[in-house]
2 protein chains.
Amino acid sequence: MTIKHTISATALRTIPMFQGIEADRLELIARCAGLRRVSRGTTVVQAGDLIDNVYFVLNGSLKVLVSDEDGREVILTMLGHGDVFGEMGVVDTEPRSATVTAVASSDLIVIAQADFRKILADNFEICLRIMCSLANRLRAADRKIESLALMDVYGRVARLLLDMAETRDGRSVVRRKISKQDIAKMIGASREMVSRVMKDLQSRGLLEETDEGLVLRDSIASL
Amino acid sequence: MTIKHTISATALRTIPMFQGIEADRLELIARCAGLRRVSRGTTVVQAGDLIDNVYFVLNGSLKVLVSDEDGREVILTMLGHGDVFGEMGVVDTEPRSATVTAVASSDLIVIAQADFRKILADNFEICLRIMCSLANRLRAADRKIESLALMDVYGRVARLLLDMAETRDGRSVVRRKISKQDIAKMIGASREMVSRVMKDLQSRGLLEETDEGLVLRDSIASL
DNA sequence: TTTCAAGCGTGATATGGGTCACATATACTC
DNA sequence: GAGTATATGTGACCCATATCACGCTTGAAA
């Protein structure tokens, strides 16, 4: 595991969590922070591990997943620039509840748990932002529970695509490249079913594959 | 809506969140707190509402639920003594994401959002505990996602019962009274299916209805 | 180039579990 | 105690989806 101890306050500032924090405080934080680069496929933390560090994603992409004894997986979230993980271990002593794996090579800021706890104690603003991030993840998780319990695979695919889309000159477009395998794991469906559903959505004109990414028609929202 | 402004620091102290807080600070907190009694069926907060208050459950029982446009419901969690809700509104400005309804008459401590934000700023300990509670709820939500995505109704019923059980002279027993309707809504299944599954579990001796409550046999865990 | 691993498309088949349709039961209100 | 809602058992039906079993593509490694 390669950790360089050369995080500048400037690098920290690219993370929303640390924006607007006074320069001298940020300097102190930077001093506890390391950089870790991971390549595609690397597992950063494993479910069941004891908690060690808090991580901030500088760039790249990672998936948070749990799997059962037969190896079937569910992807709980995808993480990208600005996201935090491992912060739950700072406030209690439970082991990691999920595995985090890089789906593309990524740069992570690493801060030891104990250091981060001090940072929280000294920076109420960061405390609030961590709470805010937890609250948002909880809302997202609740929405996922809702969709698993109430919607069929069509609806779940549609919702996922809409959630991943950004507005690009008036159209909703999913830029991020994601495999159907992984879509399936994110919505609790089989890979085959996702294939069939997406093919059908394309033939109905609700979805179009361009080199820009997946373009969604508005009416996909009503599925 | 009946709110009495007569919360004593002693009442606050029954809530784990406030245990171990110094008496004078607790006194200040008590001064912003009101008491609200709600009877069975009362909806305390409604999804979509703007956030107003933070609530702590003194006693009773409430359910947190979301429903879709056809009125089909999912119960996200049950709340009981010591639980908090509405705290997510303190850190951001999203409207309420779920509805909270009393399933038995309950007493709630009510604190206005703005007051609670000040309390957080002055009490790092409470800040940490709120984070801890958010983290635990997130873990529980993730577990629920996992079970919805990977387990069948048998497994989900079994897991729910085990989660609700307490150990009572060597046996796992579910004391809390809960309707099969609500079990169904908690695990994303139909009421009928829950009936059938539980009947089957009883006939296989994995589950027994006594006046103590539902007694679970250990082997139910392997479903 | 060959090769190996991952991802993908698609048909056929089986089934878990939702939905409908009742009959019963239990409880709460007046 | 009558009357009205709310929870429950149970059978029949059938449909949305998982699963299996292929063969095809693509991309990276060797």
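All figures in this text were calculated on a predicted structure; none of them were measured in a lab.
Straight-line distance from the CG atom of B/Leu150 to the C1' atom of D/dT17: 15 Å, rounded to whole Å. When rounded to the nearest whole Å, the span between NZ of A/Lys185 and P of C/dG7 equals 7 Å. In this structure, B/Met198 atom CE and D/dT10 atom C1' are separated by 16 Å, rounded to whole Å. One can place CD of B/Glu209 at 13 Å from C1' of D/dG9, the figure rounded to the nearest angstrom. The separation between B/Asp200 atom CG and D/dT8 atom P is 18 Å, rounded to whole Å. What separates CG of A/Asp182 from P of C/dG7 is a distance of 7 Å, to the nearest Å. If you take CD of A/Gln202 and C1' of C/dG9, they are 12 Å apart, rounded to a whole angstrom. Atom C1' of nucleotide D/dT17 and atom CG of A/Leu148 are separated by 14 Å, given to the nearest angstrom.
Taking the charged nitrogens against the carboxylate oxygens, B/Asp142 and A/Arg137 have no contact shorter than 4.0 Å, which rules out a salt bridge. Classification of B/Lys63 and B/Asp182 as a salt-bridged pair holds, one side-chain N sitting under 4.0 Å from a carboxylate O. Salt-bridge formation is not detected for the pair A/Asp163/A/Arg156: no Lys NZ or Arg NE/NH1/NH2 atom is positioned less than 4.0 Å from an Asp or Glu carboxylate oxygen. Salt bridge absent: B/Asp49 and B/Arg96 never bring a charged side-chain N and a carboxylate O closer than 4.0 Å.
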Contact string for nucleotides 11-26 of chain C, one letter per nucleotide 5' to 3', B = base within protein heavy-atom range under 4.0 Å, S = sugar-phosphate only, - = neither, reads BB----SSBBB-----
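For A/Ser195 and C/dC8, the shortest distance from a side-chain N or O to OP1 or OP2 is not below 4.0 Å. Between A/Lys180 and the phosphate of C/dG9, there is a side-chain N or O to OP1/OP2 separation shorter than 4.0 Å.
Every residue meeting the ring-ring contact (aromatic ring centres under 6.0 Å, His included) condition with A/Phe56, not counting sequence neighbours, appears here in chain and number order: A/Phe18, A/Phe116.
Around atom CZ of B/Arg13, more than 12 heavy atoms belonging to other residues, nucleotides or ligands sit under 6.0 Å away.
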